[in-house]
Amino acid sequence: MPESTENKKSFKSTLNLPKTAFPMKANLVQNEPATLKRWDKLGLYDKLRAADHPRGPYVFHDGPPYANGSIHLGHLLNKVLKDMVVRSKTLAGYDCPYIPGWDCHGLPIEHKVMQDLGDAAKDMEPFQVRRKCKTYAEKFVKLQSKQMQRLLTLADYDNPYLTMDPVYEAAVLEVFADLVDKGLVYRALKPVHWSIANQTALADAELEYYDREDTSVYVLFEIAEPSNLPDSLKAPHGEPIHLMIWTTTPWTLPANMAVAVAYAPIYGLYSVSHCGQDKHVLLAVDLEERVFNAAGVTNYELQGVCAGTHLQETHLYYKHPFMDRIAPVVVADYVTLEEGTGMVHTAPGHGVEDYQTGRKRGLHFKQEDDGSQTVAWVRPDQSEPVPYPFDVYCPVLPDGTYDRTVPHWLQGVGVLEGGNERVVDHLKETGNLFHAELIDHSYPHDWRSKTPVIFRATEQWFVTMDFPVGFSFFEGQGHGDATAPTLRQMGLEATEKDIRFFPEWGRNRMRGMLESRPDWCLSRQRAWGLPIPVFLPPEGIEVEPLYTARSVRAVASNLRKHGSDFWFKATPAELLEGYDLAADIAEEQVPQWLEQAGSDAFNELEKSHDIFDVWFESGSSWNAVLRERGLGFPADLYLEGSDQHRGWFQLSLLPALGVTGQSPFKNVLTHGFMVDKDGRKMSKSGGNALEVDTLLKDFGADVCRWWVSSLNPDNDIKVDHEFFRLAGEEYRKVRNTLRYLLSNLYDFDPRPADQSGHAYSFTDDDAASLDAWALSQLDGLIHTTTRAYEALQFRKVRDALFNFCNDTMSATYLAATKDRLYCDAADAPRRRRTQTAIHRIADALIRLVAPVLPHTADEAWLALHGDTPDPISVHLAAFPQPSDAPVSEAWPGVIKSRDVWLKHIEDARQHANIDNPLDVGLRVPDPDNQLAAFSADDLADLCGISRLELSATTDQLEMLDLRDQPRCERSWKRDGTVQQRSDASNLSQRDAKALGLA
RNA sequence: GGGCUCGUAGCUCAGUUGGUCAGAGCGCACCGCUGAUAACGGUGAGGUCGGAGGUUCGAAUCCUCCCGGGCCCA
């Protein structure tokens with residue numbers, strides 16, 4: 001063995017080489033579950049609640065994910081962001097509870113349960129189906145809870161909120177009661193998909209689309225007052241003029257209330273020869289060829305044209321072909337020229353768009369003196385409010401037959417069983433049928449009976465956007481302040497003034513949605529949900545149902561005790577136990593008939609079969625969780641994906657404003673959606689979805705969390721397995737920096753000297769030391785990160801942490817100080833000073849990184865402070881304070897110069913063919929003695945070279961080739977003090993001293 | 001089709017009110033160290049700032065249009 005190698009070995013044992021039990025390899029997949037167990041055993045969440053919180057409460061409110069399926073990447077992002085908020089607020093000194101919640105009711109679960117039950121469901125009572133749904137929801141709450149905990153989120157998983165809990169349900173009903181009290185709830189007809197076979201409303205998820213053959217018809221509606229037609233149409237005087245509409249559902253014609261036209265396109269008046277008669281018909285010019293070709297009309301002539309909007313402006317009315325009614329032509333923005341005639345038959349009782357046109361234009365009946373009807377409407381140039389409630393006409397009964405409001409030849413006919421034919425035949429007889437043909441089209445069918453469904457207007461419950469809050473109509477009488485702001489106005493005002501949005505454009509989005517949203521339909525005709533606590537009058541009494549604030553609160557209080565299944569099992573009298581009917585009568589809140597019948601008539605009431613829209617339940621969580629549990633209201637922060645501007649945010653804002661006048665949140669933070677690495681939407685069917693479980697198994701939670709912290713969550717987030725691998729490498733860099741810090745503290749006692757420890761006291765004399773510089777950098781890091789945490793800018797936190805570990809520590813400070821840590825005598829003041837700084841840095845870094853890497857931080861905390869540190873977990877600690885150790889103002893200049901020096905050394909070494917930087921010295925010009933305060937050894941160490949000389953006489957950087965100078969066998973430096981020592985080895989002065997040889 | 005929004009080096013992102021703003025980190029290439037070693041250090045290459053017009057003495061930054069994504073509606 002060569003001599004030099006022997007020497008190496010012998011001196012290696014004399015060095016203070018780093019040592020630590022904190023492993024380089026994280027082994028997160030095994031170790032994170034152990035950390036979870038440790039936290040659990042410690043009762044960490046409860047300890048946090050019991051701890052001191054110098055800055056008081058910070059109210060964060062978790063939005064409830066749907067209790068269905070495994071968590072996906074969106075949950076990972078959302079929950080990790082939330083956890084970083086909660087942990088950083090906690091370390092910043094706030095009391096920040098995290099109550100996780102789940103949305104448990106609703107169609108997806110009911111749908112799945114019904115599918116699993118199959119035909120068995122037909123014989124089951126609603127509460128039996130509900131029991132199955134509950135079991136199903138519980139299963140997924142449990143599963144998701146476990147998965148979310150595995151992400152190292154620290155929340156009150158023992159006491160989550162579930163929207164199906166009786167207490168939660170009662171609190172939702174109390175919100176409803178308050179809205180009733182404010183006059184914001186009304187009942188009206190609205191078209192829904194209706195299954196004739198099962199006589200029930202269907203949700204979109206319960207529809208299946210099949211092709212079906214139907215008769216499509218071109219129908220002529222005669223203009224009532226041709227003189228009102230725009231002159232440009234050049235309508236012949238004294239002759240009947242017809243609008244031509246097209247529909248694939250002739251059975252809906254009795255409910256026709258208007259014809260909708262497009263705004264700008266050109267309509268033409270044609271004279272045609274049809275069935276041996278000359279006629280004048282109006283339709284869109286672009287569609288003339290297609291329409292006349294279909295009808296086999298070859299002989300037609302354009303007489304004049306006008307724009308769609310002119311037809312509305314001239315207040316055109318037409319005669320219904322078989323109902324005793326005239327109805328208007330209106331403009332609607334969804335009318336296209338892709339098919340039909342450009343004139344759209346509008347039956348608000350039978351179509352969603354038709355319904356909206358009806359609402360927007362305020363279509364309603366006016367009974368004329370002669371018994372005929374006029375469909376009146378609110379013209380754009382009129383300021384009349386839309387009638388309330390909106391009057392939808394729907395002549396179709398639940399069993400799919402026409403009622404008695406239609407002509408006798410249609411009464412009792414099933415709309416899909418003869419309805420179409422009778423209508424078509426009648427049109428033909430009266431000459432109003434221009435053309436009929438069979439078409440194949442995709443048509444919705446009931447998923448269970450496989451029969452075609454219809455749109456049918458049914459009674460639904462709404463929250464009004466446009467009535468003054470606190471103003472109500474009851475039995476024709478207005479009560480309260482008619483000048484109070486509406487819910488829409490309150491929402492817009494809160495959006496403008498009371499809420500901060502992160503990112504700021506959330507405000508625009510919320511504003512736009514509030515401006516345009518229709519009234520909120522609260523009711524669903526399903527089983528798995530919270531019943532709408534309304535009682536319908538006994539059959540035959542055509543009057544108001546019973547729903548007052550008092551009656552709703554009485555039901556709420558009873559459901560609070562028994563759960564919402566009670567609604568399905570109990571009698572109305574039992575449900576209304578405790579209801580003060582007399583008080584309501586005194587305030588004239590109760591329908592006349594009930595006032596006369598009294599409480600003895602309760603059991604004649606019929607319980608409503610409707611349940612609440614699940615959004616109403618989750619939208620009441622500010623009451624059911626924050627106020628119910630005394631957590632504080634309003635919340636400081638709601639944090640969800642940007643889809644929730646329309647969802648949870650808006651639908652929490654509205655009820656809270658209605659009930660309390662306040663927004664339920666002061667700040668709203670939204671994040672974007674996951675897309676694949678090409679920016680495309682993630683989908684299971686697209687095969688580009690990543691499983692959370694896979695990521696956890698491959699990388700561990702802390703790596704996933706590091707990835708989250710590296711994102712700009714405002715925008716779409718590209719995801720790829722590869723990105724997590726890169727995050728893993730960055731994680732290792734941070735971990736290794738921590739490890740190296742820890743490993744140089746193995747012989748360091750952080751207590752001060754007077755407690756027999758090694759801590760160094762910094763004074764002004766140390767201002768030019770490397771350690772003072774490092775501590776000043778740490779102060780900067782503390783400032784940057786705590787402010788970024790405060791502003792919820794986790795990406796900024798990550799950047800600062802990573803640069804500090806990578807650049808400030810690893811490449812600069814630790815590279816420069818390793819020589820003294822290894823080679824100085826263990827107790828040398830210079831080494832102890834550096835260890836003091838390193839200890840402070842390690843401690844601070846662990847605290848600062850804890851919200852992002854909770855497991856790794858806690859692991860390092862134990863490694864730094866021993867097995868029983870105080871506090872026992874870093875998560876019970878506080879963010880560090882700046883040390884404000886004295887530091888030379890010249891340091892930034894030195895660090896800048898260092899780059900220049902390094903570059904010079906690199907170039908010169910290449911030129912001189914020198915491999916090892918320790919074979920190099922540097923002469924630095926310092927004409928004004930700017931650098932005199934700095935130790936030349938510190939400066940040399942900063943460059944990783946053996947020696948640095950300051951020269952007042954040169955003006956150029958000069959690399960010194962030291963290869964011919966003796967090399968210290970212990971430190972490998974050629975620092976100019978190396979000589980043969982008493983043991984025959986070549987050592988520098990410092991190393992000789994460390995070994996007691998000088 | 002409408003509302004909101006995004007498009008800067010291979011990747012993730014910074015770029016305040018238009019004028020050293022063309023940057024950082026990762027990755028990559030090359031080199032060094034071998035006493036942080038499945039670690040560590042140094043140097044370097046890479047972009048006509050989605051495209052086209054326009055405003056301006058001057059635009060990644062303002063306006064218009066177009067292309068391509070995303071969320072929410074229709």
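Within every chain, numbering begins at 1; the chains are lettered A, B, ... in the order of the sequence lines, protein sequences first and strands thereafter.
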Practice item. Check the pair A:Trp707 / A:Phe699 against ring pair (Phe, Tyr, Trp, His ring centres under 6.0 Å), numbers first and verdict last. Key: CA-CA 11 Å; A:Trp707 171 77; A:Phe699 301 105; over 10 Å; no

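Base pairing analysis places B:rC62 opposite B:rG54; the two distances defining the Watson-Crick or G-U wobble pair are each below 3.5 Å. With a cut-off of 3.5 Å on both Watson-Crick or G-U wobble distances, the partner of B:rG35 is given as none. Across all strands shown, the partner of B:rG44 is B:rC28, judged by Watson-Crick or G-U wobble contacts whose two distances both fall under 3.5 Å. Of all nucleotides present, none satisfies the Watson-Crick or G-U wobble test against B:rC49 with each distance under 3.5 Å.
The base of B:rA36 lies close enough to the side chain of A:Ser810 for a donor and an acceptor atom to sit less than 3.5 Å apart. For A:Arg511 against B:rC4, a side-chain-to-base donor-acceptor contact under 3.5 Å is absent. Side-chain to base pairing of A:Asp799 with B:rG25: no donor and acceptor N or O lie closer than 3.5 Å to each other.
In this structure, A:Asn806 reaches the sugar-phosphate backbone alone: every heavy-atom distance under 4.0 Å involves primed, P, OP1 or OP2 atoms, never a base. Residue A:Asn712 is in sugar-phosphate contact alone, with no base atom involved, counting any heavy-atom pair closer than 4.0 Å across all strands shown. Here A:Met510 lies out of heavy-atom contact (under 4.0 Å) with every strand.
Taking only side-chain nitrogens and oxygens, A:Lys733 comes nearer than 4.0 Å to OP1 or OP2 of B:rC40.
Checking B:rU37, B:rC33, B:rA24 against the side-chain heavy atoms of A:Met24 singles out B:rU37 as nearest. Checked against B:rA36, B:rG70, B:rC33, the side chain of A:Leu814 finds its nearest nucleotide in B:rA36. Nearest to the side chain of A:Tyr740, among B:rG25, B:rA36, B:rC11, sits B:rA36. Comparing B:rC40, B:rA39, B:rU5 by their nearest atom to the side chain of A:Arg732 picks out B:rA39. Closest to the A:Gln356 side chain, of the nucleotides B:rG35, B:rU34, B:rA74, is B:rA74.
In this pair, A:Trp773 and A:Tyr813 present their aromatic rings tilted. The plane angle is within the 30 to 60° band.
Note on A:Asp919 versus A:Arg963: no salt bridge recorded, every NZ/NE/NH1/NH2 to OD/OE distance being 4.0 Å or above.
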